[in-house]
Amino acid sequence: MKTLVTGASSLPGYRTVKAALDRGHQAVAVYMQNPIIMEDEKLERVRLDITDREALHKLLAKEKPDIVLHMAALGDVDLCEKDKVLAWKTNVQATVDLVSSLPHPPPFVLYLSTDYVFDGERGHYAESDPPNPVDYYGLTKLMGEVICDSGTPECAIVRASSIYGLGPGRSNFAKFIIDKLSIGETVKALTDQYTSPSQASTLAEAIMEIAEAKLKGIFHITGERMSRYEFAVMLAEKLGFDKSLIKQASMGDMKWYAKRPRDSSLVSEATRGLLRTDFHSTERAFDALEKEYMTEKKLGDVS
């Protein structure tokens with residue numbers, strides 16, 4: 001089975017490529033800037049700008065993948081708000097181009113979305129709840145959901161929340177905490193913003209299970225609801241850092257350009273009822289994070 005992954009040099013993309021290879025797939029890893037540091041005889045690396053429609057069309061026609069995991073996106077929430085043209089081009093138009101370029105018969109498509117499609121006014125959003133984004137990033141990701149759902153008959157939408165872990169790609173909250181605490185610096189963490197964090201390795205396992213079974217619909221692959229502060233304290237305890245370095249802060253202290261949801265936590269009962277993968281347990285998620293930390297520590301990539 002051949003699996004093509006866009007955004008393969010992001011943290012979730014990298015972990016999903018690894019999961020695909022571990023399951024015996026041929027993997028086509030599409031990236032733009034950051035190189036993919038992984039060796040496997042079944043891995044093909046392709047450098048490509050997903051906003052280049054012609055190049056994307058040629059790639060899909062050449063590779064004829066069985067599965068397409070569309071994980072590439074502009075995920076900087078403030079940048080999406082400041083440069084809406086770039087956000088639309090990357091998150092919306094590129095998704096239109098990908099779906100319209102699918103070969104025939106079409107492969108199974110899985111689109112990675114976000115909890116930011118919800119407004120965060122109440123939290124605990126289920127797979128069937130109506131979205132209502134409050135920032136441009138969330139709007140573009142919701143548009144991507146609609147495009148995939150309406151543009152191809154074989155489609156799954158996976159919503160994740162505050163994806164964290166160690167590996168390539170832009171910084172995430174867990175990596176930020178580890179980098180700071182490992183050198184004895186204090187960390188401010190919000191007590192009044194709630195998410196349901198998705199650990200990258202367990203997210204990848206669940207994504208591959210959905211893709212291999214060709215399950216269609218909307219899925220929430222997330223952990224348990226917690227504040228940023230609760231998450232930071234739990235991480236420090238798990239990895240043996242000084243949790244007294246973690247200081248409480250509130251959303252009002254943040255100088256964000258774009259509005260953020262206050263409580264974008266997702267519930268995943270419907271998804272958990274369909275999958276074998278345990279992606280929800282905080283204990284298992286932090287065990288996976290600890291494994292990543294120990295691996296990278298041996299390689300000298302973390303302090």
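Heavy-atom basis, side chains included; hydrogens, waters and symmetry copies ignored.
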Evaluate Ser201 against Glu292 for side-chain hydrogen bond (donor to acceptor under 3.5 Å, both in side chains), listing each step before the verdict. CA-CA 9 Å; Ser201 294; Glu292 294 172 7; 2.5 Å; yes
Do the ring planes of Phe241 and Tyr293 sit parallel (below 30°), tilted (30 to 60°) or perpendicular (above 60°)?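 Aromatic pair Phe241/Tyr293 classed perpendicular.
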Using ring centroids (six-membered ring only for Trp), state whether Tyr164 and Phe173 fall under 6.0 Å.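 Phe173 vs Tyr164: aromatic centres not under 6.0 Å.
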Is the centre of the Phe279 ring less than 6.0 Å from the centre of the Phe219 ring?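 Here the rings of Phe219 and Phe279 have centres that are no less than 6.0 Å from each other.
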By salt bridge (Lys or Arg N to Asp or Glu O under 4.0 Å), Glu41 pairs with (sequence neighbours left out) none
Any donor-acceptor N/O pair, [X] side chain to [Y] backbone, under 3.5 Å:
X: Glu224; Y: Thr282; answer: yes
X: Arg228; Y: Thr195; answer: no
X: Ser281; Y: Asp278; answer: no
X: Lys42; Y: Gly24; answer: yes
X: Lys175; Y: Asn172; answer: no
X: Ser268; Y: Thr271; answer: no
X: Arg53; Y: Asp97; answer: no
X: Lys247; Y: Ser244; answer: yes
X: Ser198; Y: Ser161; answer: yes
X: Thr152; Y: Cys155; answer: no

Are the side chains of Val68 and Leu60 in contact, using a 4.5 Å heavy-atom criterion? yes
Do [X] and [Y] pair up side chain to side chain, a donor and an acceptor below 3.5 Å, judged on atom types alone?
X: His70; Y: Thr95; result: yes
X: His25; Y: Glu212; result: yes
X: Thr140; Y: Asn91; result: yes

Closest approach of [X] and [Y], non-hydrogen atoms and distance?
X: Tyr194; Y: Ser227; result: CD2-N, 3.4 Å
X: Ala29; Y: Ala8; result: CB-CB, 3.6 Å
X: Ala288; Y: Gln199; result: CB-OE1, 3.5 Å
X: Glu121; Y: Arg262; result: O-NH2, 2.9 Å
X: Thr277; Y: Ala206; result: CG2-N, 3.9 Å
X: Arg159; Y: Glu127; result: NH1-O, 3.7 Å

Salt bridge check: are [X] and [Y] linked by an N-O gap of less than 4.0 Å?
X: Glu63; Y: Lys58; answer: no
X: Asp49; Y: Lys89; answer: no
X: Glu209; Y: Arg272; answer: no
X: Lys141; Y: Glu145; answer: no

With sequence neighbours excluded, what pairs up with Lys243 under the side chain to side chain contact (heavy atoms under 4.5 Å, CB included) test?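 Per chain and number, Lys243 pairs via side chain to side chain contact (heavy atoms under 4.5 Å, CB included) with Val233, Ala236, Glu237, Ile246.
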Rounded to the nearest 0.5 Å, how far does [atom2] of [Y] lie from [atom1] of [X]?
X: Tyr137; Y: Arg260; atom1: OH; atom2: CZ; answer: 10.5 Å
X: Phe118; Y: Ser264; atom1: CZ; atom2: OG; answer: 9.5 Å
X: Asp40; Y: Gln26; atom1: CG; atom2: CD; answer: 10.5 Å
X: Leu21; Y: Thr3; atom1: CG; atom2: OG1; answer: 9.0 Å
X: Thr16; Y: Ile207; atom1: OG1; atom2: CD1; answer: 4.0 Å
X: Thr6; Y: Met32; atom1: OG1; atom2: CE; answer: 13.5 Å

For the CD atom on Gln33, are there more than 12 heavy atoms of other groups (residues, nucleotides or ligands in this structure) within a distance under 6.0 Å?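 No - once you tally the heavy atoms of other residues, nucleotides and ligands closer than 6.0 Å, there are 12 at most.
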Check this for me: Lys188, atom NZ, are more than 12 non-hydrogen atoms of other residues, nucleotides or ligands nearer than 6.0 Å? no
As a quick check of understanding, evaluate side-chain hydrogen bond (donor to acceptor under 3.5 Å, both in side chains) for Ser265 and Ser196, giving each step before the final call. CA-CA 5 Å; Ser265 58; Ser196 41; 5.5 Å; no
Apply ring-ring contact (aromatic ring centres under 6.0 Å, His included) to the pair Phe286 and Phe231, showing each step before the final yes or no. CA-CA 10 Å; Phe286 272 69; Phe231 177 88; 5.5 Å; yes
Sort out for me which residue in Leu181, Asp179, Ile178 forms a side-chain contact (heavy atoms from CB on, under 4.5 Å) with Val187.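 With Val187 as partner, Leu181, Asp179, Ile178 yield a single side-chain contact (heavy atoms from CB on, under 4.5 Å), made by Leu181.
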Let me see the working for Asp135 and Tyr257 under side-chain hydrogen bond (donor to acceptor under 3.5 Å, both in side chains), right down to the final yes or no. CA-CA 10 Å; Asp135 52 50; Tyr257 186 83; over 6 Å; no
